[in-house]
Amino acid sequence: MSGGVGRTAVLLVNWNNGHECVQCIDSLLGMTTDDFDIVVVDNDSSDDSVSHILTWCQHPMPPPEASRRPGVAYASGHGLPRVPVQLLQPSASLPAPAERGVRVFIVPAGQNRGFAAGNNLGMRVAGLPAYGHFWLLNTDTVVHHQALPALLRRAAADPGIGMVGSTLLYFDTPDRVQALGGAWLDPRRMLTAHIGLGDSAARVPGHPEAVEAQMAYVVGASMLVSADFVRQVGPMQEDYFLYFEELDWAERARGHYRLGYAPDSLVYHRVGGSSARPASEMAESLLAQNRIRVLGRFFRAHRASALAYLGWVCLRHVLRGRWRVARIQWAALRTAPQLLK
């Protein structure tokens, strides 16, 4: 996983989440390294996200006490001066990286084309030749002061690893695990689940190998990839809009790169703040449709069993009176012939 350049570009795709985005930036600036730049791609926010981020960079303010997390070194709490920030157009390229010091760039996308398209735009603006790694990070996170160095150490330890995940902890209950780096997959039913979901943070494994053996993909809330990975595998597939693009990326990399996990890269995740709001009809519809879409692309041998199971899930919702969810599931199953092409 060796890149030509040692510097990292941190990619934050923002949608109507500027207030949490600046807390994420604040925690990034408090890390023990400054060998990175931050690229915020704004997916056509309808609030004041862009101006809020620009204003905060010019006058950094610490987060409210209730929003702080132990282990997170917020730079603003230590008299952080003005942060170098620049607004760029989507067709622009970042200025050549400095040897040290963090810069923030804001790129208004002009439209909301989803998680993958936003990150692809960030990588394109940053430029593959200029950075050795790209850290895709949700805006509704804050990071431990060793989060990025830990990811880079795991990547450097094994050249066969192309993508590395963090230990994701719930922001509101930081003693509980959301995911140990990634998720497992049962392709016969197209079921996925985060590894370590709900476990105690005290039980996070010290060695990554057992977790890596279970990983089907790295959870996109914190995902480090190398520039070499992107050159060989290509950018993220954009037609998912939201959900399952991480599994698609991992499957396309199969045979070329393995997945890695950095236990000591701690990321606190609010869950749901940086994408479509939880349980929205659009989010549920995309989840149902993209499950079938990725089935058709990579797991066709399990098509019959997976569709039968998804049909049973839909019927179970009907029997339990969950009409809204059943309708969404049934709509996805009706479009299965098109999605499986």
Side-chain angles (χ1 to χ4, degrees), residues 11-21 24 41-47 49 109 111-121 136-141 165 168 170-172 178-179 182-185 189-194 197-198 216-223 236-250 267 269-297 306-307 309-311 313-314 316-318 320-336 338-340:
L11 307 181
L12 305 176
V13 177
N14 179 71
W15 182 69
N16 293 335
N17 201 39
H19 291 273
E20 290 181 357
C21 186
C24 180
V41 176
D42 186 77
N43 263 351
D44 200 27
S45 294
S46 57
D47 62 0
S49 281
Q111 58 181 315
N112 185 2
R113 292 172 50 219
F115 176 76
N119 279 299
N120 286 347
L121 174 58
L136 284 62
L137 184 67
N138 276 17
T139 58
D140 56 356
T141 63
L168 296 174
Y170 287 107
F171 183 89
D172 292 322
Q178 185 202 7
W184 57 261
L185 166 73
R189 296 180 293 171
M190 284 309 296
L191 277 180
T192 63
H194 289 178
L197 178 66
Y217 62 90
V218 172
V219 176
S222 175
M223 180 165 48
M236 300 181 84
Q237 186 70 31
E238 297 184 2
D239 60 354
Y240 291 92
F241 190 86
L242 190 67
Y243 304 126
F244 285 102
E245 57 276 277
E246 312 110 302
L247 177 57
D248 183 293
W249 220 9
V267 173
H269 190 199
R270 286 186 172 90
V271 184
S274 60
S275 61
R277 291 301 178 245
S280 73
E281 187 159 335
M282 177 184 175
E284 289 180 5
S285 179
L286 286 169
L287 188 62
Q289 291 176 20
N290 289 343
R291 192 183 305 276
I292 298 172
R293 179 176 280 113
V294 78
L295 167 67
R297 287 178 175 168
L307 289 177
Y309 177 76
L310 294 175
V313 170
C314 181
R316 191 170 59 189
H317 286 309
V318 170
R320 294 180 179 180
R322 298 171 179 169
W323 304 108
R324 175 175 169 273
V325 179
R327 177 175 54 80
I328 292 170
Q329 296 284 339
W330 176 242
L333 286 166
R334 288 183 62 188
T335 60
Q338 291 74 41
L339 295 172
L340 288 169

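Just so it is clear, the model here is predicted, and its values are computed rather than measured. Scope of the values below: all heavy atoms of this structure, side chains included, with no hydrogens, waters or symmetry mates.
Looking only at atom types and distance, the side chain of Q289 has a donor-acceptor partner in the side chain of S285 under 3.5 Å away.
In this structure, the side chains of L333 and I292 come closer than 4.5 Å at one or more pairs of heavy atoms. Y170 is listed as a side-chain neighbour of V271, based on a closest heavy-atom distance under 4.5 Å. The closest side-chain heavy-atom distance from H269 to D140 is below 4.5 Å. Contact of the T141 side chain with the S222 side chain is not registered, since no non-hydrogen atoms from C-beta on lie closer than 4.5 Å.
Minimum interatomic distance between C24 and T139 (heavy atoms only, all atoms of both residues): CB-O, 3.7 Å. Considering every non-hydrogen atom in both A326 and V318, the closest pair reads CB-CG2, 3.7 Å. For N17 against D47, the heavy-atom pair with the smallest separation is N-OD2, 3.8 Å. Taking each heavy atom of S46 and N16 in turn, the nearest pair found is N-OD1, 2.6 Å. Contact record, G220 with N138: O-OD1, 3.7 Å, taken as the closest heavy-atom pair. Across every non-hydrogen atom of G182 and A179, the tightest pair is O-CB, 4.0 Å.
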Begin with the C-alpha distance, continue with both residues' side-chain angles, and end with the deciding distance and a verdict on side-chain contact (heavy atoms from CB on, under 4.5 Å) for R189 and V313.
CA-CA 10 Å; R189 296 180 293 171; V313 170; over 6 Å; no

Determine, stepwise, if the pair M223 / M236 fulfils side-chain contact (heavy atoms from CB on, under 4.5 Å).
CA-CA 12 Å; M223 180 165 48; M236 300 181 84; 4.2 Å; yes

Between L191 and Y309, is the side-chain contact (heavy atoms from CB on, under 4.5 Å) condition met? List the steps.
CA-CA 10 Å; L191 277 180; Y309 177 76; 3.7 Å; yes

Working note: L307 + L295, criterion side-chain contact (heavy atoms from CB on, under 4.5 Å); need CA distance, chi angles, decisive distance, verdict.
CA-CA 9 Å; L307 289 177; L295 167 67; 4.3 Å; yes

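Taken from CZ in F244 to CG in L286, the straight-line distance is 11.0 Å, to the nearest 0.5 Å. The line from CD of Q329 to CG of L287 is 7.5 Å long, rounded to the nearest 0.5 Å. For the atom pair CG of D42 and OG of S49, the computed distance is 5.5 Å after rounding to the nearest 0.5 Å. L136 CG to L11 CG: the interatomic distance, rounded to the nearest 0.5 Å, is 5.0 Å. Summarising the geometry, atom CH2 belonging to W330 is positioned 10.5 Å from atom OG1 belonging to T335; distances are rounded to the nearest 0.5 Å. Note: R293 CZ to M190 CE = 12.0 Å, rounded to the nearest 0.5 Å.
A distance-only check finds no donor-acceptor pair linking the side chain of Q178 to the backbone of L168 [under 3.5 Å]. With hydrogens and angles disregarded, a donor-acceptor distance shorter than 3.5 Å links the side chain of E245 to the backbone of Y243. Between the R113 side chain and the E238 main chain, no donor and acceptor come within less than 3.5 Å of each other.
Annotation: cation-pi geometry satisfied between R297 and Y240 (NZ/CZ under 6.0 angstrom from ring centroid, within 45° of ring axis).
By the salt bridge (charged side-chain N to carboxylate O under 4.0 Å, His left out) test, R316 is found to be paired with no residue, residues two or more places apart in sequence or in another chain being considered. Taking the side chain to side chain contact (heavy atoms under 4.5 Å, CB included) definition, one finds that N112 meets it with W15, N43, F241, sequence neighbours left out. Residues satisfying the ring pair (Phe, Tyr, Trp, His ring centres under 6.0 Å) test with H19, not counting sequence neighbours, are H52.
More than 12 heavy atoms of other residues, nucleotides or ligands sit less than 6.0 Å from atom CH2 of W184.
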